[in-house]
**Student:** 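Below are the structure tokens for one structure; questions will follow.
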Amino acid sequence: MILKSADEIVTLAQKSAISLVRFLFCDTTSVIRGKCTRTDKLKERIESGIGLVKGTMALNILDHLQVDTGLGAVGEVRLIPDLETWAVLPYSERSAALICDLQELDHRPWDHCPRSLLKRVVEEAKAAGYSFQIAFEPEFILGSFENGEYKPIDRSMCFSTDGMNRASKFINRFVDSLERQGIEVEQYYPEQGPGQHELSIRHTSPLKACDRQIYYRETLRGVALEQNLEAMIGPKPFEDQPGNGCHLHLSAWDIYQERNLFWAENGLSDFGRFFVAGILQHLPALVALTCPSVNSYRRLRPRAWSSAYTCWGFDNREAAVRVPSVYWGQEMATSNIELKCVDSSCNPYVALAAVIACGLDGVKRQLTLPPPVDVDPSTFSADEMIERKIERLPATLQEALIELEEDEMLMNVLGNFGKTFIAVKTSECGAFAGANTDFELSQHRTRF
Ligand code: GLU
Ligand code: MG
């Protein structure tokens, strides 16, 4: 990889007549925020960063500061851009962006920096001999609100060509805009719900996959705005319609990316079995990070293909971990696992760091994987559940947070950020507990 220099970035900005460059980061509650610099100050800002009050990471989804985190008006970090993330934004005139790390004034990564957390977990995995290929697979709903009434862009059926036609003006512009930012589109199709679509991005390294998820969300909202549409990527925009997943595909490799460690003739290697066992063992706590909004738990219900139980299976879309069938002639290359209980309200850096840590914990402890499930797990009796070691996933964010707080391994991985996360998210549970459903739905639809 050829690293870009500050001078090269400035030249690129001048060539595209960029007026403002956005320094972006994804916060504790997964809102993408940033500050902008003018192009004539860009070089200076790349070197010095842009100042940010530490309290920003203690804001909840209603933008309310949680002072019990210890973060507030005092204390400062710097937004330090990763120059490899440079992107000219096709949906916003004369604008470009860089994704940033949060650094302490003494240049160390701040212990609340999600991107630095992922980098640390990936580095530790690399030292142990492992690397990963990652793809997020977001779903979203397109529509508009006219006089308060919601109108989906289509009422077409799953995979239907009618849906493709009706959404094509948006989808074509979305695909072009992603490709212009170097983000390779893998597949697209209309999903089940009214106005619901799924467009996936090609797999890549963990950090890049998360950076792409940030640009994906930015581009989705930006293109929707251009076309007077609302793009709703929140987990459950409407109570009576299918939820939006953001399934996570993951494969583990040696550090030279030559050997897929999950691959075996029988469908999953011993390494893969330990890895999945690690995920399943930590899953009740892990979902607090992969499905971290109050709204997430309206989606995680049986018979919604979103997963609701701690089980796994081959090509089983009701299992939390699906092992998809491999493609002919590319068996090793396409061997991967899919985690279903992930949605776009997660901070991708935090969620992925946690998933990798759980999987590798299973490898380290050589955990035993229960047998695969080849039916809908909600059809099991209570006794079968116990026998098969299957649990219902937490039914609320509050329950998931309690599990997380008790998960020593995960809390260690998160460090000080873990306590802030729990405080911020607990405040959201409180804020929506007494509120009506519409308020909760409306506060999550377009936030992410
Ligand atoms: N919409 C489903 C979810 O919430 C996923 C449907 C599918 O693509 O399998 O996860
Ligand atoms: Mg889908």
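The figures that follow rest on heavy atoms only: side chains count, while hydrogens, waters and symmetry mates do not. Each ligand, and each atom within it, is numbered from 1 in the order the structure gives.
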**Student:** Which ligand 1 atoms, with their elements, are less than 4.0 angstrom from a heavy-atom of Lys340?
**Tutor:** 9 (O)
**Student:** Quick one: report the N, O or S atom of Glu198 that is nearest to the Mg ion (ligand 2).
**Tutor:**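 Checking each N, O and S atom of Glu198, the shortest distance to the Mg ion (ligand 2) belongs to OE1.
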**Student:** For the Mg ion (ligand 2), what is the closest N, O or S atom on Glu139?
**Tutor:**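 For Glu139, the N, O or S atom at the smallest distance from the Mg ion (ligand 2) is OE2.
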**Student:** Quick one: does ligand 1 sit under 4.0 Å from the side chain of Gln192, the backbone, both or neither, non-hydrogen atoms only?
**Tutor:**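 Neither part.
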**Student:** When you measure from the heavy atoms of Glu137 to every atom of ligand 1, does any distance fall below 4.0 Å?
**Tutor:**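 The answer is no, since Glu137 has no heavy atom less than 4.0 Å from ligand 1.
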**Student:** Going by atom types alone, do Arg299 and Ser345 pair a side-chain donor with an acceptor below 3.5 Å?
**Tutor:**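 Looking only at side-chain atoms, Ser345 and Arg299 do not form any donor-acceptor pair under 3.5 Å.
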**Student:** Atom CG of Asn244 and atom OG of Ser306: how far apart are they, to the nearest 0.5 Å?
**Tutor:**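 Here the interatomic distance stands at 11.0 Å.
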**Student:** Give me the residue, atom name and distance of the protein heavy atom closest to atom 4 (O) of ligand 1.
**Tutor:** Arg299 NE, 2.7 Å
**Student:** Counting both backbone and side chain atoms, is some N or O of His247 under 3.5 Å from an N or O of ligand 1?
**Tutor:** yes
**Student:** For Lys151, I'd like to know if atom NZ has over 12 heavy atoms of other residues, nucleotides or ligands within 6.0 Å.
**Tutor:**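 Result for NZ/Lys151: enclosed.
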**Student:** Do you see an N/O/S atom of Glu137, backbone or side chain, under 2.8 Å from the Mg ion (ligand 2)?
**Tutor:**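 No.
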**Student:** Using a 3.5 Å distance criterion without hydrogens, assess whether the side chain of Glu428 forms a donor-acceptor pair with backbone atoms of Ile61.
**Tutor:** yes
**Student:** For the residue pair Phe448 and Tyr216, is the inter-centroid distance of their aromatic rings smaller than 6.0 Å?
**Tutor:**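 They do not qualify: ring centres at least 6.0 Å apart.
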**Student:** Any N/O of Glu191 closer than 3.5 Å to an N/O of ligand 1?
**Tutor:** yes
**Student:** Specify side chain, backbone, both or neither for Ala304, according to which of its non-hydrogen atoms lie closer than 4.0 Å to ligand 1.
**Tutor:** backbone
**Student:** Can you tell me which residue and heavy atom of the protein come closest to atom 5 (C) of ligand 1, and the distance to 0.1 Å?
**Tutor:**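 Ranking protein heavy atoms by distance from atom 5 (C) of ligand 1, first comes Glu139 OE2, 3.3 Å.
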**Student:** Run through Glu186, Arg322, Gln133 and flag the one making a side chain to side chain contact (heavy atoms under 4.5 Å, CB included) with His249.
**Tutor:**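 Exactly one candidate clears the test, Arg322.
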**Student:** Indicate whether any N or O donor in one side chain lies under 3.5 Å from an N or O acceptor in the other, for Gln213 and Arg217.
**Tutor:** no
**Student:** Between the Mg ion (ligand 2) and Glu191, which N, O or S atom of the residue is the nearest one?
**Tutor:** OE2
**Student:** As an exercise, identify every atom of ligand 1 less than 4.0 angstrom from a heavy atom of Glu198.
**Tutor:** 8 (O)
**Student:** With heavy atoms under 4.0 Å as the rule, classify the contact between Ser306 and ligand 1 as side chain, backbone, both or neither.
**Tutor:** both
**Student:** Before signing off on this row, confirm whether Gly243 and ligand 1 have an N or O atom pair separated by under 3.5 Å.
**Tutor:**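 It does: an N or O of Gly243 is found under 3.5 Å from an N or O of ligand 1.
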**Student:** Out of Trp253, Tyr256, Phe275, Phe271, which one pairs with Tyr130 under the ring pair (Phe, Tyr, Trp, His ring centres under 6.0 Å) rule?
**Tutor:** Phe271
**Student:** Just checking, is any N or O donor in the side chain of Gln281 or Arg365 under 3.5 Å from an acceptor N or O on the other one?
**Tutor:**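 Yes, because at least one side-chain N or O of Gln281 sits under 3.5 Å from a partner of the opposite role on Arg365.
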**Student:** Looking only at the side chains, is there a donor atom on one of Asp154 and His197 sitting less than 3.5 Å from an acceptor on the other?
**Tutor:** yes
